[in-house]
Colleague: 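Could you have a look at this structure, given as structure tokens, before my questions?
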Amino acid sequence: MARELPNLLALRAFEAAGRHLSFTRAAEELFLTQGAISRHVRGLEDELGVKLFHRRARSMELTPQGAAYLSTVRQAFDLLASGSRQVRAARAQIRLKVALTASFAANWLLPRLSRFTAAHPEIGIDFEPSVQIIDLSAEGIDAAIRYGGGSWPGLDATALMSEEVFPVCSPALLAKGPPLEEVADLVHHNLLLSGPRSDWEGWAAAADLDLQSVPRQTMLYDYNLVLQAALDGMGVALGRRILVEERLRSGELVQPLVQSLRNAMGYYLVTLPARRGDKSIDTFRNWLLDEAASLPAADA
């Protein structure tokens with residue numbers, strides 16, 4: 001059985017005119033003439049058999065029947081718009097599976113990700129957090145964000161950000177002592193490590209510190225745990241500026257020593273050569289590069 005539905009153009013003209021209480025403004029919104037709006041509304045009134053507007057010399061108002069019908073029409077249009085958005089999203093959204101460390105995700109990427117989803121709703125991101133290097137092909141990973149020197153055989157690597165490292169700790173640790181005013185004072189503190197001591201070795205060599213002379217060192221393996229331990233006043237962490245900048249700005253962490261090291265390590269987006277030219281990966285890569293370029297000069 002055919003549905004008895006009014007002409008859609010007439011409904012759009014009525015809805016716009018009823019919302020603005022003006023044929024002129026409705027015409028401007030719909031890129032029609034005022035006369036066309038008037039004809040559509042009159043045709044709708046004839047079809048329904050009721051007056052929808054009281055027309056006066058310099059104004060117009062909805063009749064009671066027109067006000068009730070406008071509410072119904074607007075609800076129908078809202079429902080159509082919502083359904084259309086859902087259909088478009090379901091049809092168009094592509095999901096990228098990205099491997100990365102939990103520390104980079106929590107401290108840098110996630111606070112910015114809403115900007116990506118707002119700009120590219122057609123691309124969804126699924127995270128695969130891991131401290132281990134994942135085989136992209138075997139695990140079905142589309143891309144990975146890795147911290148390293150930039151060379152991973154068999155993969156394409158795009159440099160995102162270089163890194164600067166330096167000791168960080170909580171203000172409470174400094175307040176309760178012992179002092180931490182020069183490099184040699186580190187021997188009186190607990191060093192917080194996220195892996196083999198190599199994460200401290202480069203900075204220590206540049207600062208002329210013998211790590212063997214620091215008796216207390218705690219291995220936590222995960223950088224998020226290292227940062228939390230530093231926040232809790234358990235010791236001194238090696239801060240990666242990219243990951244600690246917000247906490248330095250807030251005062252949750254402080255940089256007690258001026259010695260810092262811009263090392264050869266950095267963050268890279270790595271992908272399989274077979275995915276070259278993939279539009280969704282290219283879009284994500286370009287967004288990452290834009291975000292990295294917007295960092296303060298000390299961070300990028």
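Remember, it's a predicted structure, so these values are computed and weren't measured experimentally.
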Colleague: Begin with the C-alpha distance, continue with both residues' side-chain angles, and end with the deciding distance and a verdict on side-chain contact (heavy atoms from CB on, under 4.5 Å) for N190 and V236.
Modeller: CA-CA 6 Å; N190 180 33; V236 182; over 6 Å; no

Colleague: Tell me whether L8 shares a hydrophobic cluster with L48, the cluster being built from Ile, Leu, Val, Met, Phe, Trp, Tyr side chains joined at under 4.5 Å.
Modeller: yes

Colleague: I123 versus F116: any side-chain heavy-atom pair under 4.5 Å?
Modeller: yes

Colleague: Ignoring hydrogens and angles, tell me if any N or O in the side chain of S82 forms a donor-acceptor pair with the backbone of D78 under 3.5 Å.
Modeller: no

Colleague: Return the set of residues passing side chain to side chain contact (heavy atoms under 4.5 Å, CB included) with E246 (not counting sequence neighbours), or none when no residue passes.
Modeller: R249

Colleague: Shortest non-hydrogen contact from L289 to A159?
Modeller: CD2-O, 3.5 Å

Colleague: Scan residues 58-79 for pairs that pass ring pair (Phe, Tyr, Trp, His ring centres under 6.0 Å), counting only residues two or more places apart or in two chains.
Modeller: F14-Y69

Colleague: Say you draw a straight line from CD of E128 to OG1 of T101; how long is it, rounded to the nearest 0.5 Å?
Modeller: 12.5 Å

Colleague: Hey, any chance V50 and L70 share a hydrophobic cluster, counting ILVMFWY side chains that come within less than 4.5 Å of each other, even indirectly?
Modeller: yes

Colleague: Take E163 and R262 through the test side-chain contact (heavy atoms from CB on, under 4.5 Å) and record every step on the way to the result.
Modeller: CA-CA 6 Å; E163 187 59 284; R262 186 172 291 279; over 6 Å; no

Colleague: Under 3.5 Å, side-chain donor or acceptor atoms of residues 169-185 against the rest of the protein: list the pairs with distances, not counting sequence neighbours.
Modeller:
from, atom 1, to, atom 2, distance (Å)
S170, OG, L173, N, 3.1
D185, OD2, E181, N, 2.9
D185, OD2, E182, N, 3.1

Colleague: Does D142 use its side chain to pair, donor to acceptor, with the backbone of V98 at less than 3.5 Å?
Modeller: no

Colleague: Which atom pair, heavy atoms only, marks the closest approach of L261 to A206?
Modeller: CD1-CB, 4.1 Å

Colleague: Is any side-chain heavy atom of L227 closer than 4.5 Å to a side-chain heavy atom of V244?
Modeller: yes

Colleague: Do the side chains of R74 and E15 get close enough for a salt bridge, i.e. N-O under 4.0 angstrom?
Modeller: yes

Colleague: Heavy atoms only: give me the nearest W203-V165 pair and the separation to one decimal.
Modeller: CD1-O, 3.6 Å

Colleague: Compare every heavy atom of A105 with every heavy atom of P111, then report the nearest pair and how far apart it is.
Modeller: CD-O, 4.0 Å

Colleague: Taking side chain to side chain contact (heavy atoms under 4.5 Å, CB included) as the test, write out the residues that go with P64, two or more places apart.
Modeller: none

Colleague: Can you run down the side chain to side chain donor-acceptor pair (under 3.5 Å) pairs that involve residues 36-52, sequence neighbours left out, and say none if there aren't any?
Modeller: E45-R55

Colleague: Rounded at 0.5 Å granularity, tell me how far CD1 in I94 sits from NE2 in H120.
Modeller: 12.0 Å

Colleague: Below 4.5 Å, heavy atoms only, C-beta onward: do L44 and N7 meet side chain to side chain?
Modeller: no

Colleague: Any heavy-atom pair between the side chains of L191 and T218 that's under 4.5 Å?
Modeller: no

Colleague: Dump the intermediate steps for side-chain contact (heavy atoms from CB on, under 4.5 Å) on L110 and F127, then the final yes or no.
Modeller: CA-CA 10 Å; L110 288 180; F127 293 124; 3.4 Å; yes

Colleague: How many angstroms lie between atom CG of L257 and atom CD of Q259, to the nearest 0.5 angstrom?
Modeller: 5.5 Å

Colleague: How are the rings of F284 and W287 set to each other: parallel, tilted or perpendicular (split at 30° and 60°)?
Modeller: parallel

Colleague: Taking only residues two or more places apart in sequence, or in another chain, which ones meet S213 in a side chain to side chain contact (heavy atoms under 4.5 Å, CB included)?
Modeller: V187, L209, D210

Colleague: Step by step, work out the side-chain contact (heavy atoms from CB on, under 4.5 Å) result for V214 and W200.
Modeller: CA-CA 12 Å; V214 184; W200 271 90; over 6 Å; no

Colleague: To the nearest 0.5 angstrom, please state how far the CD1 atom of I281 sits from the CZ atom of R275.
Modeller: 3.5 Å

Colleague: Give me each pair satisfying salt bridge (Lys or Arg N to Asp or Glu O under 4.0 Å) with a member in residues 223-236, each pair once, sequence neighbours excluded.
Modeller: none

Colleague: Got a sec, which pairs hit ring pair (Phe, Tyr, Trp, His ring centres under 6.0 Å) with one end in residues 234-279, sequence neighbours left out?
Modeller: F104-Y267, Y147-Y267, W152-Y268

Colleague: According to side chain to side chain contact (heavy atoms under 4.5 Å, CB included), who are the partners of N224, at least two apart in sequence or on a separate chain?
Modeller: A102, S103, A106, N107, D222

Colleague: Could you check whether any side-chain heavy atom of K279 comes within less than 4.5 Å of a side-chain heavy atom of E122, counting everything from C-beta outward?
Modeller: no

Colleague: What's the shortest heavy-atom distance between P256 and P167, and which atoms?
Modeller: CD-O, 3.4 Å

Colleague: Can you confirm whether L109 sits close enough to L100 that some side-chain heavy atom of one is under 4.5 Å from a side-chain heavy atom of the other?
Modeller: yes

Colleague: Kindly work out whether a path of hydrophobic side-chain contacts (I/L/V/M/F/W/Y, heavy atoms less than 4.5 Å apart) joins L9 to I37.
Modeller: no

Colleague: I'd like to check L192 versus L238 (side-chain heavy atoms, cut-off strictly below 4.5 Å). Are they in contact?
Modeller: no

Colleague: Enumerate the side chain to side chain donor-acceptor pair (under 3.5 Å) contacts for residues 108-117, please, sequence neighbours excluded, ordered by first and then second residue.
Modeller: R115-E291

Colleague: Answer yes or no: is there a side-chain heavy-atom contact under 4.5 Å between L155 and L272?
Modeller: yes

Colleague: With ring pair (Phe, Tyr, Trp, His ring centres under 6.0 Å) as the rule and sequence neighbours excluded, what pairs involving residues 157-192 come up?
Modeller: none

Colleague: Taking only residues two or more places apart in sequence or in another chain, which ones pass side-chain hydrogen bond (donor to acceptor under 3.5 Å, both in side chains) with D282?
Modeller: R285

Colleague: Roughly how far, to the nearest 0.5 Å, is the CG atom of L113 from the CD1 atom of I125?
Modeller: 6.5 Å

Colleague: Which is it for S71 and Q75 under the side-chain hydrogen bond (donor to acceptor under 3.5 Å, both in side chains) test, yes or no, and what are the steps along the way?
Modeller: CA-CA 6 Å; S71 176; Q75 290 178 42; 3.3 Å; yes

Colleague: Can any side-chain N or O of E164 pair as donor or acceptor with the backbone N or O of R240 at less than 3.5 Å?
Modeller: no

Colleague: How long is the span from the CG atom in L253 to the CG atom in L243, to the nearest 0.5 Å?
Modeller: 11.5 Å

Colleague: Start with the C-alpha distance between E29 and R19, add both sets of side-chain angles, then the distance that settles salt bridge (Lys or Arg N to Asp or Glu O under 4.0 Å), and finish with yes or no.
Modeller: CA-CA 11 Å; E29 178 180 313; R19 180 160 33 86; 2.8 Å; yes

Colleague: I need the minimum non-hydrogen distance between I145 and L269, along with the two atoms involved.
Modeller: CG1-CD1, 3.9 Å

